[in-house]
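Atoms within each ligand, like the ligands themselves, are counted from 1 in listed order. Remember, predicted model here, so these are calculated numbers, not experimental data.
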Amino acid sequence: MKISRREMLKISAGAGAGLLLSELPALSQQQPQLMRTIPSSGEMIPAVGLGSARTFNVGPPNPEWVPLGDVVRLFHEMGGRFFDTAPSYGTSEQVAGQIAQELRIQNDLFFATKISTGGGRQAGIDQQEESFRNWGRDRIDLNQVHNLRDTDIHLRTIRQSKKESRTRYVGVTTSFGRQYEQMEQVLRTEELDFVQVNYSLGEREAAERLLPLAQDRGLAVVVNEPFNVGRLFGEARGRELPDWAAEFDCRSWGQFFLKYILAHPAVTVVIPATGDPEHLVDNMGAGIGRLPDERTRRRMEALFDDL
Ligand SMILES: NC(=O)c1ccc[n+]([C@@H]2O[C@H](COP(=O)([O-])OP(=O)(O)OC[C@H]3O[C@@H](n4cnc5c(N)ncnc54)[C@H](OP(=O)(O)O)[C@@H]3O)[C@@H](O)[C@H]2O)c1
């Protein structure tokens, strides 16, 4: 089956996606996803990942699992790999793990999870074990200390797991500006592979010091809350995408917000969350085609600030 570039762009814009969803495997073979390198290993990874904080927290099997199954399947078929979750996201880690196992892709995805407990060392170890079980895996790709909670304690647990070859990469996360100073200190003093931080057109503070520091320290950077927890769509509601967005192959506001982030030189992976298969297809389109240059990024900021 041959799919034209026009049809491809139509799908990646989200328009008419329902009609063409079944054709996506063929499509992904024609349009490679943007890849980035993990500095500590040289491993290449697709730059558009998938978050799961609220979207996969839907409880035991019920009809809400159906679109989520499509989201995970399409993500994989379109070349996505990096899946971010946490044991503290309600049922998200279990739901995603079960869907991935039903699709038999649990070992194909890059499984990124977290230790998120203030309950001490054993509680962290227990959470880590639960993550292995939730995804039916004997290896976690990336485990992260969530929101710098008990960083010292949980870094020891994750490093031990790495030593035993049960975890591949070690990381830390935040999504709070008030933790940036503490995060800078952690990045300067700890040996890490990844840092995860919030950064978007609506929250640009991380670009001032954290992102350059992460780059200097040779860390892979994961960007969370790329739509500022969906608020950016509210800002753009009713506004036309500017004509010049076509200059960097951008067909929707979702791609506008994601391409802005992906064009930052420190960024390795961005993890938009969605429970909607059409939005997933839209978001994956951000990993296809050109990215804005630095001058255009300034123009994007000015336009966003005027919305
Ligand atoms: N400290 C930490 O470690 C930390 C903190 C925060 C977040 N995270 C991670 O980062 C992930 C992303 O952050 P987030 O979930 O807070 O928020 P987000 O990705 O900034 O925004 C998600 C919202 O955007 C909507 N959306 C997604 N794609 C869209 C599209 N193409 N068009 C229109 N609406 C769209 C989603 O609704 P639909 O479902 O309707 O698409 C959802 O309401 C989390 O899920 C989590 O994995 C980590």
Side-chain angles (χ1 to χ4, degrees), residues 11-15 17 48-58 64 66-68 70-72 74-75 78 80 82-93 95-96 109-117 127 131 142-149 151 154 171-180 182-183 186 194-203 206 210 221-239 241 250-261 267 269-287:
I11 289 174
S12 56
V48 180
L50 183 59
S52 66
R54 281 156 288 273
T55 40
F56 281 70
N57 183 16
V58 295
E64 284 185 82
V66 175
L68 295 177
D70 282 338
V71 164
V72 176
L74 289 167
F75 176 63
M78 292 187 79
F82 190 106
F83 192 100
D84 181 78
T85 187
S88 60
Y89 294 164
T91 58
S92 291
E93 185 177 75
V95 171
L109 295 176
F110 187 104
F111 176 32
T113 189
K114 307 186 184 90
I115 294 185
S116 351
T117 174
Q127 269 195 346
S131 296
L142 165 64
N143 211 354
Q144 307 154 99
V145 178
H146 199 178
N147 289 333
L148 299 177
R149 184 185 271 185
T151 307
H154 301 319
V172 287
T173 80
T174 187
S175 58
F176 302 114
R178 64 175 184 275
Q179 288 192 322
Y180 284 6
Q182 188 191 350
M183 180 59 96
V186 170
F194 275 82
V195 58
Q196 182 180 143
V197 64
N198 58 316
Y199 177 54
S200 69
L201 261 172
E203 287 188 324
L210 259 189
V221 173
V222 178
V223 171
N224 64 42
E225 300 187 350
F227 302 133
N228 196 2
V229 200
R231 291 184 197 100
L232 300 194
F233 293 102
E235 305 274 346
R237 188 164 299 130
R239 296 291 296 258
L241 203 59
C250 171
R251 315 281 300 184
S252 67
W253 281 111
Q255 293 177 13
F256 191 90
F257 301 140
L258 294 175
K259 281 184 179 253
Y260 170 80
I261 295 165
V267 171
V269 180
V270 63
I271 49 169
T274 182
D276 179 331
E278 293 196 13
H279 289 169
L280 183 279
V281 173
D282 183 20
N283 297 344
M284 294 308 286

Specify the closest pair of heavy atoms between P226 and F257, including all atoms of both residues, with the distance to one decimal.
O-CB, 4.4 Å
Measure N228 to ligand 1 on non-hydrogen atoms and call it side chain, backbone, both or neither using the 4.0 Å cut-off.
backbone
Using a strict cut-off of less than 4.0 Å between a Lys/Arg side-chain nitrogen and an Asp/Glu carboxylate oxygen, indicate whether K114 and D84 qualify as a salt bridge.
yes
Heavy atom of the protein closest to atom 42 (C) of ligand 1 (residue, atom name, distance)
A273 O, 3.9 Å
Has H154 got a side-chain atom pairing as donor or acceptor with T117's backbone, closer than 3.5 angstrom?
yes
Output the list of atoms in ligand 1 that are nearer than 4.0 Å to some heavy atom of R54, sorted by atom number.
14 (P), 15 (O), 16 (O)
Identify the closest protein heavy atom to atom 6 (C) of ligand 1: which residue and atom is it, and at what distance?
E225 OE2, 3.3 Å
Heavy-atom nearest neighbour in the protein, as seen from atom 12 (C) of ligand 1, with distance rounded to 0.1 Å:
I271 O, 3.1 Å
With a cut-off of 4.0 Å, which atoms of ligand 1 are near a heavy atom of S52?
44 (C), 45 (O), 47 (O)
Can you list the ligand 1 atoms lying under 4.0 Å from a non-hydrogen atom of D84?
9 (C), 46 (C), 47 (O)
Short list, please: which atoms of ligand 1 are under 4.0 Å from a heavy atom of P272?
19 (O)
Centroid-centroid under 6.0 Å between F83 and F110 rings:
no
Which bit of H146 is near ligand 1, meaning a heavy atom under 4.0 Å away: side chain, backbone, both or neither?
side chain
Do ligand 1 and V229 have nitrogen or oxygen atoms that lie under 3.5 Å from each other?
yes
Tell me if a side-chain donor or acceptor on W253 pairs with a main-chain N or O of R239 at a distance below 3.5 Å.
yes
Nearest heavy atom to atom 5 (C) of ligand 1, choosing from A86, P67, S175, G49, belongs to S175
Would you call the rings of Y199 and Y260 parallel, tilted or perpendicular if under 30° counts as parallel and over 60° as perpendicular?
tilted
Any donor-acceptor N or O pair under 3.5 Å, side chains Q196, T173:
no
Taking only non-hydrogen atoms of Y89, do any sit less than 4.0 angstrom from ligand 1?
yes
Ligand 1 atoms in contact with K114 (distance to a heavy atom under 4.0 Å)
3 (O)
Mutual orientation of the aromatic rings belonging to F82 and F194 [parallel < 30°, tilted 30-60°, perpendicular > 60°]
tilted
Output the list of atoms in ligand 1 that are nearer than 4.0 Å to some heavy atom of T55, sorted by atom number.
39 (O)
At what distance is the nearest protein heavy atom to atom 34 (N) of ligand 1, and which residue and atom is it?
F233 CE1, 3.3 Å
Taking only heavy atoms of G51, which atoms of ligand 1 are found under 4.0 Å from at least one of them?
11 (C), 45 (O), 47 (O)
Among side-chain atoms of T85 and S92, is any donor-acceptor pair under 3.5 angstrom?
no
List the closest protein heavy-atom neighbour of atom 4 (C) of ligand 1: residue, atom name, distance to the nearest 0.1 Å.
N224 ND2, 3.3 Å
Could you tell me the residue and atom name of the protein heavy atom closest to atom 21 (O) of ligand 1, and the distance to it rounded to 0.1 Å?
G230 N, 3.2 Å
Can a donor-acceptor pair be found between the side chains of S131 and E93 at a distance below 3.5 Å?
yes
Give me the residue, atom name and distance of the protein heavy atom closest to atom 40 (O) of ligand 1.
H279 ND1, 3.6 Å
How close does the nearest protein non-hydrogen atom get to atom 1 (N) of ligand 1, and which residue and atom is it?
N147 OD1, 2.7 Å
Judged by atom type as modelled, is there a donor-acceptor pair below 3.5 Å linking the side chain of N147 to the main-chain atoms of R149?
no
One residue to check: T274. Relative to ligand 1, which of side chain, backbone, both or neither has a non-hydrogen atom less than 4.0 Å away?
both
Do the side chain of N283 and the main chain of H279 share a donor and acceptor less than 3.5 angstrom apart?
yes
Say whether, by atom type as modelled, one donor and one acceptor occur between the side chain of E203 and the main chain of N198 under 3.5 angstrom.
no
